[in-house]
Every structure is written in structure tokens, then in C-alpha cells.
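Okay, structure first, notes after.
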Amino acid sequence: MARVNGKKIKERYHMLGQELAEAGIDIDQAKEKLKAFEVEVPSWVFGVFGGGRFGDYMPPAPARDFHAKIRDAAMVHKLTGASPRVAIHVGWDKPEEIAFEEVYVDHFAEPRDYAREQGIDFGAVNPTLFLTGTHYGSLSSPLPGVRRALIQHCEVCCRIAAKHAQGLVTYWLPDGSNYPGQRDLWQQEQLVREAFRQIYDSAPDTVVHLIEYKLFEPGTYSTVIADAGAAAAIADSLGDRAGVLVDMGHHPFGVNVAQIVARLVNTGRPGGFHFNTRYAADDDHSVEPNISMYAIFCELIKGAVVCAQDPARNWAYMIDQCSSLENRIRAVLHSIDSLQISLTKALILDRYRLEALQQRQDIILANRVFLDAFLTDVRPILQMARLEKDLPLDPVAAYDETGYQQKIEQERR
Ligand code: AFD
Ligand code: MN
Ligand code: MN
């Protein structure tokens with residue numbers, strides 16, 4: 001496929017290059033940065049999930065074990081060349097091993113080796129804080145036994161991350177309440193802070209901890225870590241190796257996520273992103289190359305935390321979507337494609353011109369320059385990058401040609 005359209009792609013790329021050069025933008029530089037962009041895929045998107053809706057319907061061929069999730073993630077990387085790591089969910093990926101004890105750490109060596117054989121590696125490690133016994137909360141549970149076990153679980157996850165993954169641990173807590181009066185809000189806050197203190201202090205000092213926030217769910221009245229400010233306050237109290245994880249789906253309507261990103265990047269702390277599209281509530285949808293995604297990438301580039309010269313400065317980028325109706329692998333491929341388009345648009349923004357207009361308070365022209373890049377069809381850049389990396393030009397179409405879907409539908413019946 002790549003060979004057939006190669007000539008046309010080069011022509012289109014050349015034409016766009018000339019156009020952008022007039023504005024002083026180097027298309028080759030944008031293409032090289034795009035090629036360096038990496039995003040992790042979550043193991044859980046490929047697995048068995050459901051909330052009792054639509055009977056037992058699930059998109060065909062969910063992965064029924066950890067190895068199958070790894071193979072699906074590897075397939076995504078094979079087609080995109082952009083997702084060399086899979087984020088894992090300890091206790092969810094291997095439900096038989098919730099990992100409350102040290103002895104579990106090395107149980108993750110085998111699947112990690114398996115991932116490497118498939119051409120990928122382990123990325124972020126997620127403790128699972130929402131399984132059996134957590135219906136009154138996790139790190140703020142009123143039951144000391146539950147709290148103690150989950151703190152240990154997080155400690156084990158930190159060791160797994162340090163020893164068998166990238167040293168990154170990301171936390172999402174289901175802690176909150178459903179009615180006013182149900183819980184002592186002060187106490188919940190206190191317990192969560194104490195638990196994080198303990199986890200942070202006992203973790204190997206190579207580990208980076210990212211704290212995720214979410215407006216609601218499962219709590220409908222209150223949530224302990226409900227917004228970026230709450231997550232940042234906890235991270236601040238812990239130390240330099242703690243930061244905030246933004247998940248697109250976890251904000252109230254109308255919140256400007258690009259502004260949250262700008263603020264967090266400015267703190268210089270570690271940070272990360274769970275990409276998805278939010279329409280009504282939570283995070284179930286694939287990423288689309290819309291204006292918010294573009295604006296977010298503009299901030300990440302300005303802060304030099306994406307495609308940075310020094311990769312250590314990069315934030316951690318992950319996809320977190322659910323895909324409860326659509327084909328999961330296609331949905332994830334679509335998300336990666338959308339992220340690459342959004343990033344490329346942000347890479348060709350005429351920042352000098354924009355800055356000049358901002359200085360003159362030229363409201364409308366500044367907005368038009370900002371939109372110029374968003375409205376540009378950057379697909380020639382993306383296709384050229386794929387051509388050079390010997391990747392399929394359209395990963396979703398290429399997936400359908402691999403026969404993988406038919407194969408897993410047979411195997412996983
Ligand atoms: C939940 C949360 C959150 C988290 C994910 C994995 O909404 O997005 O990242 O589980 O723990 O769905
Ligand atoms: Mn998330
Ligand atoms: Mn979510």
C-alpha cells in the first residue's frame with residue numbers, strides 16, 4: 001500500500017512544505033517530532049468489561065487473559081509504530097493476583113518478557129483500587145484492614161514498576177460518597193493523604209507517581225480527588241516525584257482542559273495524560289482530532305513536554321478509553337491517528353505571528369492564526385512520516401487487511 005501511493009504522498013508533502021515555509025515553518029522538523037511521539041495503550045481496553053448494560057454484549061473477541069491483551073497491544077504498535085508500551089492494571093489484568101505481597105513482584109517478569117517477545121514493553125503500572133471490598137472506599141476506607149491491604153498493594157505496584165516496567169505508577173481512587181452526611185469529608189481527605197505519604201516514602205526512589213482526579217463516579221455526592229487542584233495539592237505534599245494525571249473525561253462540562261494543562265506544565269512537576277473524548281460523562285470514547293485536543297497539544301509543545309529534545313522532560317502519554325460497542329483494536333488505532341493529527345497541527349502553529357498578535361491584543365487575528373494550523377490538512381505530513389517508517393498509511397484500514405480480527409474471533413469464542 002505504502003509503495004503504491006508513495007509518489008503522490010511525496011508531492012502533497014512537498015506542496016504543503018512550500019506553503020508552510022512561506023510562514024517560516026519547517027515541515028521536516030514537524031515530521032521528525034511527530035515521528036518521535038509515543039503513546040501507551042491500556043491493557044484494560046482489550047479485556048472483558050461491561051456494566052450490565054446491553055445484556056452481555058461486548059465487541060467481538062475481547063482478550064480473556066493477560067497474554068492476549070499484550071498481543072492486542074503489540075498489534076496496535078505494529079500498525080502505528082507509536083505505541084511501544086502497554087499500561088498495565090495489576091489485579092485487573094491477572095485477577096487471580098491482586099498483589100498484596102512482595103512475592104508477587106516477580107510474577108510480572110514473565111508477562112513482561114512475553115511483551116518484549118511481542119515487540120513492546122510494560123508502561124505505566126496501575127494499582128487496582130476498585131475491586132472487591134472497596135465499596136466504602138479504597139485508601140480512605142473506614143475499614144483499617146482494607147486500607148492496609150490497598151496501601152500494600154500500591155507498594156507492590158511501585159516495586160513492579162521499578163523492577164519490571166518504566167518506574168511510573170498512576171493512581172485512580174474510587175473514593176467519595178453518595179449522600180451528604182454519609183462520610184466525614186475531613187477524615188477521608190486525611191486518610192488519603194496519609195496513605196499516599198506511606199506509599200511514596202516506601203517506594204523505590206526511581207518511581208514517579210501520578211495522581212488522577214475525576215469529578216464523580218462512583219461517588220455521586222462527593223469525590224476525594226475531584227479535580228486537578230486536589231490532585232496537585234496531594235502531589236505537592238509528597239515530593240518532586242509526584243504529579244498529576246489529567247484524564248480528558250473527568251471534568252465538568254465547559255472546563256478548559258488546555259488551561260489546566262498549561263497550569264500543570266508550568267509547575268515543572270511530572271505529569272501525564274489519559275486521552276479520550278468526553279461527550280456526556282466519563283471517558284469511553286475514542287480520541288477525535290477536535291479543537292480541544294489541538295489546543296491541549298499547543299500547550300504541551302509550548303511547555304516542551306511532548307517530543308522534547310530531552311525525552312526525560314516528556315509527560316507520560318496514555319490512552320484510556322473503553323470502547324464498549326465498537327471494535328476495540330480499531331478504536332484504539334483511530335485514537336492514535338487522531339492524536340497524531342492533533343499533535344501535527346499544533347507543531348505547525350505559527351507561534352511567532354501568534355505572539356506578535358497577542359502582544360498587540362489583536363483578538364480576532366490571534367484567533368485566526370491559531371485556527372490556521374487547526375484547519376490545515378496535515379495528513380500529508382503524517383503519511384510521509386509513516387512512509388519513512390515503513391508503516392501502513394492508514395492503520396485502521398491496514399488492520400482489516402491483517403486477518404487478525406478473524407483470527408481472534410475464532411480463538412476467543
Ligand atoms: C476508571 C477511571 C480512570 C482510570 C481507569 C483505570 O475512570 O479513568 O484511569 O479506571 O484505573 O475507569
Ligand atoms: Mn483514566
Ligand atoms: Mn475514566
Side-chain angles (χ1 to χ4, degrees), residues 87 124-127 129 137-141 147 150-151 153-155 157-159 161-162 166-177 183-216 219 222-252 255-275 296 299-300 302-306 308 310-318 320:
V125 174
N126 293 253
L129 300 171
S138 64
L139 299 183
S140 77
S141 170
R147 225 167 43 238
L150 292 176
I151 290 173
H153 170 60
C154 292
E155 290 173 350
C157 287
C158 290
R159 298 192 183 279
Q166 313 299 317
L168 175 65
V169 181
T170 50
Y171 303 83
W172 178 72
L173 278 58
D175 296 55
S177 70
R183 285 295 305 269
D184 178 336
L185 304 179
W186 294 36
Q187 187 201 43
Q188 275 183 310
E189 171 88 17
Q190 195 60 35
L191 290 174
V192 164
R193 280 178 178 252
E194 279 169 20
F196 270 118
R197 178 82 269 157
Q198 206 174 316
I199 295 162
Y200 187 91
D201 288 344
S202 72
D205 56 17
T206 49
V207 171
V208 169
H209 310 255
L210 295 182
I211 301 172
E212 189 170 357
Y213 58 92
K214 183 175 191 175
L215 176 65
F216 72 95
S222 70
T223 302
V224 181
I225 312 178
D227 57 33
I234 297 175
D236 280 351
S237 77
L238 293 175
D240 292 346
R241 285 174 288 107
V244 176
L245 176 62
V246 182
D247 182 314
M248 204 60 198
H250 292 186
H251 305 89
V255 162
N256 186 333
V257 181
Q259 185 165 36
I260 293 176
V261 168
R263 190 185 308 133
L264 292 173
V265 171
N266 237 297
T267 65
R269 288 184 161 279
F273 217 108
H274 270 179
F275 292 114
I296 287 164
E299 298 306 331
L300 295 168
K302 186 175 166 74
V305 294
V306 65
D310 170 13
R313 275 194 51 89
N314 280 336
W315 272 21
Y317 297 105
M318 298 157 274
D320 182 13

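These numbers were taken from a predicted model, which means no experiment stands behind them.
Note on residues 222-234: no pairs pass salt bridge (Lys or Arg N to Asp or Glu O under 4.0 Å), not counting sequence neighbours. The stretch residues 259-269 participates, sequence neighbours left out, in these side chain to side chain donor-acceptor pair (under 3.5 Å) pairs: Asp236-Arg269.
Heavy-atom minimum distance, Val169 versus Ala161: CG2-CB, 3.6 Å. Residues Ala316 and Leu168 come closest through the heavy atom pair CB-CD2, 3.5 Å. Here the shortest heavy-atom pairing between Ala162 and Thr206 reads CB-OG1, 4.0 Å.
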Take Val246 and Ile296, measure what side chain to side chain contact (heavy atoms under 4.5 Å, CB included) needs, and give me the verdict at the end.
CA-CA 11 Å; Val246 182; Ile296 287 164; over 6 Å; no

Stepwise, does the side chain to side chain contact (heavy atoms under 4.5 Å, CB included) test hold for Phe273 with Leu210?
CA-CA 10 Å; Phe273 217 108; Leu210 295 182; over 6 Å; no

Show the numbers, then the answer: is there a side chain to side chain contact (heavy atoms under 4.5 Å, CB included) between Trp315 and Val265?
CA-CA 9 Å; Trp315 272 21; Val265 171; 3.5 Å; yes

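Interatomic distance, Asp184 CG to Leu191 CG, rounded to the nearest 0.5 Å: 9.0 Å. Between the CD atom in Gln198 and the CZ atom in Arg147 there is a gap of 9.5 Å [rounded to 0.5 Å]. For the atom pair Leu173 CG and Ile225 CD1, the distance stands at 4.5 Å (nearest 0.5 Å). Atom OG of Ser138 sits about 9.5 Å away from atom CD1 of Ile151, to the nearest 0.5 Å. Atom-to-atom distance recorded for Ile199:CD1 and Leu139:CG is 5.0 Å, nearest 0.5 angstrom. Remark: Arg159 CZ to Cys154 SG distance equals 12.5 Å, nearest 0.5 Å.
For the ring pair (Phe, Tyr, Trp, His ring centres under 6.0 Å) test, residues two or more places apart in sequence or in another chain that qualify with Tyr213 are His251. Shown here are the ring pair (Phe, Tyr, Trp, His ring centres under 6.0 Å) partners of His209, two or more places apart in sequence or in another chain: Tyr171, Tyr200. Under the side-chain contact (heavy atoms from CB on, under 4.5 Å) criterion, Ser202 pairs with Glu155, sequence neighbours left out. Partners of Ser177 under the side-chain hydrogen bond (donor to acceptor under 3.5 Å, both in side chains) rule, at least two apart in sequence or in another chain, are Ser222. Qualifying salt bridge (Lys or Arg N to Asp or Glu O under 4.0 Å) partners for Arg241, counting only residues two or more places apart in sequence or in other chains: none. In this structure, Thr223 has no side-chain hydrogen bond (donor to acceptor under 3.5 Å, both in side chains) partners at least two apart in sequence or on a different chain. With sequence neighbours excluded, no residue forms a salt bridge (Lys or Arg N to Asp or Glu O under 4.0 Å) with Glu299. By the salt bridge (Lys or Arg N to Asp or Glu O under 4.0 Å) test, Arg193 pairs with Glu189, sequence neighbours left out. Under the rule for a side-chain contact (heavy atoms from CB on, under 4.5 Å), the partners of Ala308 that lie at least two apart in sequence or sit in another chain are Arg313, Asn314. In this view, Asp240 satisfies the salt bridge (Lys or Arg N to Asp or Glu O under 4.0 Å) rule with no residue, not counting sequence neighbours.
With respect to Thr170, the side chain to side chain donor-acceptor pair (under 3.5 Å) criterion is satisfied by exactly one of Asp320, Asn126, Asp247: Asn126.
No donor-acceptor pair under 3.5 Å is formed between the side chain of Asp175 and the backbone N or O of Val224.
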